[in-house]
A.B. asks: 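Before anything else, here's the structure in question.
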Amino acid sequence: MATEALGWWGVPLGILAGTLRGSVPFLLVSLGECLTEKSGKINLGLEGTLLMGAMSAYAVSYLSSGVVGPTLAPWLGVLTAGVAGMGLGAIHGWLAQQPRVNDVAVGIAMIIFGGGLANFFGKPFIQPQAPQLPTLAAGGWSSLPQVQSALQISPLFLLGVAIVPLMSWFFKSTRWGLYVRAVGDSPDAALAMGISIFWVRMASIVAGSFLAGIGGASLSLFYPGVWTERISSGQGLMAVALVIFARWQPWQCLWASLLFGGAQALGPAFQSVGIDSYYYLFNAAPYILTLLIMIVTCSPKRTLTGAPGALGQSD
């Protein structure tokens, strides 16, 4: 491993590298879920959206590389992943707003549907190598190749970071942001204001699913940079817990995503210096963190500060 040459300094370097790489899907999916939940709906189906985005991005990047070239092909794949996410989001948005329909039940159905579609159409693309997204070399200041390798940043990470202040401004300072918050906090008051609850929620779910689809593209076109049927490893579901942990605030979604990405990097970082006795325990860190967050936030002694008032209510 590259970090072995650095000894124990390879551990924090490996965690830093893993944080920058592994936080990308968490960040994009959590921002999409934050937008969705601000409107009063929960989209558990983002796990299926993540898989569909990863598959469609990889497939389009591979198939289009001979037509548009290996430079533009991955970006075309990213756009396709977002559009695929929008398609699943539109289905979810319509189903979740039917009378007496439960958000959780629809979300589970969409996980199965999205994952099934991705696995069915993605089988021919498990072996071929698709062109990958370019990376930004943030470690050029160092002469150490390990540092240069660790500080390879995905442009999708920068995209997610750029969306954070824009989304925060959107919620606080725009009319459409007010509509989303009004629908999420008090649908009756929003209806009295003449706001279409159905279309505001539909737009929020579709836009959130677009970001989740791009999050899937980061898995197959950046890190780990392959397409397999289990590539998401539950990150779409973990993003729901991450949004609760972040108190439905875009800035806190960024910090929480970095935390989850760092937790995901613990196992490989310690393995790089020869510590593999607790490898599976370290690899389970993101799931343990998710469970702890759910236990703490669901405690009857603790209120969910910042939660939209209508979150999870059936229409």
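Index from 1, following the sequence. Because the structure is a prediction, the values reported are computed rather than measured.
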A.B. asks: List in chain and number order the residues that pass side-chain hydrogen bond (donor to acceptor under 3.5 Å, both in side chains) with T135, two or more places apart in sequence or in another chain; answer none if no residue qualifies.
C.D. replies: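 Counting only residues at least two positions away or on another chain, T135 forms a side-chain hydrogen bond (donor to acceptor under 3.5 Å, both in side chains) with Q152.
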A.B. asks: Pair up each side-chain donor or acceptor in residues 106-113 with any protein partner under 3.5 Å, not counting sequence neighbours, and list the distances.
C.D. replies:
none

A.B. asks: Could you go through residues 161-175 and list every donor-acceptor pair under 3.5 Å that involves a side-chain atom there, pairing it with any protein atom two or more places apart or in another chain?
C.D. replies:
residue: T174; atom: OG1; partner: F170; partner atom: O; Å: 2.6
residue: T174; atom: OG1; partner: G177; partner atom: N; Å: 3.0

A.B. asks: Can you list, by chain and residue number, the hydrophobic cluster partners of V67 when the side-chain cut-off is 4.5 Å?
C.D. replies: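 Reading the cluster by chain and number, V67 sits alongside V68, L72.
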A.B. asks: Who passes side-chain hydrogen bond (donor to acceptor under 3.5 Å, both in side chains) against Q129, sequence neighbours left out?
C.D. replies: none
A.B. asks: Which atom pairs, one a donor and one an acceptor, fall under 3.5 Å between side chains of residues 75-90 and the rest of the protein, sequence neighbours left out?
C.D. replies:
residue: T80; atom: OG1; partner: L76; partner atom: O; Å: 2.8

A.B. asks: What is the minimum heavy-atom distance between E37 and I42, and which atoms define it?
C.D. replies: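 Minimum heavy-atom contact is OE2-CG2, 4.1 Å.
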A.B. asks: In chain order, what residues pass the side chain to side chain contact (heavy atoms under 4.5 Å, CB included) check against F198, with sequence neighbours excluded?
C.D. replies: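 In terms of side chain to side chain contact (heavy atoms under 4.5 Å, CB included), with neighbours along the sequence ignored, F198 is linked to W94, Q97, S196, M202.
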A.B. asks: ring-ring contact (aromatic ring centres under 6.0 Å, His included) with F157: which residues, sequence neighbours excluded?
C.D. replies: none
A.B. asks: Taking ring-ring contact (aromatic ring centres under 6.0 Å, His included) as the test, write out the residues that go with Y179, two or more places apart.
C.D. replies: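 W176.
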A.B. asks: Name every donor-acceptor pair, under 3.5 Å, that has one atom in a side chain of residues 182-190 and the other anywhere in the protein, sequence neighbours excluded.
C.D. replies:
residue: D185; atom: OD1; partner: G309; partner atom: N; Å: 3.2
residue: S186; atom: OG; partner: A189; partner atom: N; Å: 3.4

A.B. asks: Identify, with sequence neighbours excluded, every residue that meets ring-ring contact (aromatic ring centres under 6.0 Å, His included) alongside F210.
C.D. replies: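 Result, ring-ring contact (aromatic ring centres under 6.0 Å, His included) vs F210: none returned.
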A.B. asks: Only counting residues at least two apart or in another chain, list the ones meeting side-chain hydrogen bond (donor to acceptor under 3.5 Å, both in side chains) with E47.
C.D. replies: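 With sequence neighbours excluded, E47 shows a side-chain hydrogen bond (donor to acceptor under 3.5 Å, both in side chains) to S232, given in chain and number order.
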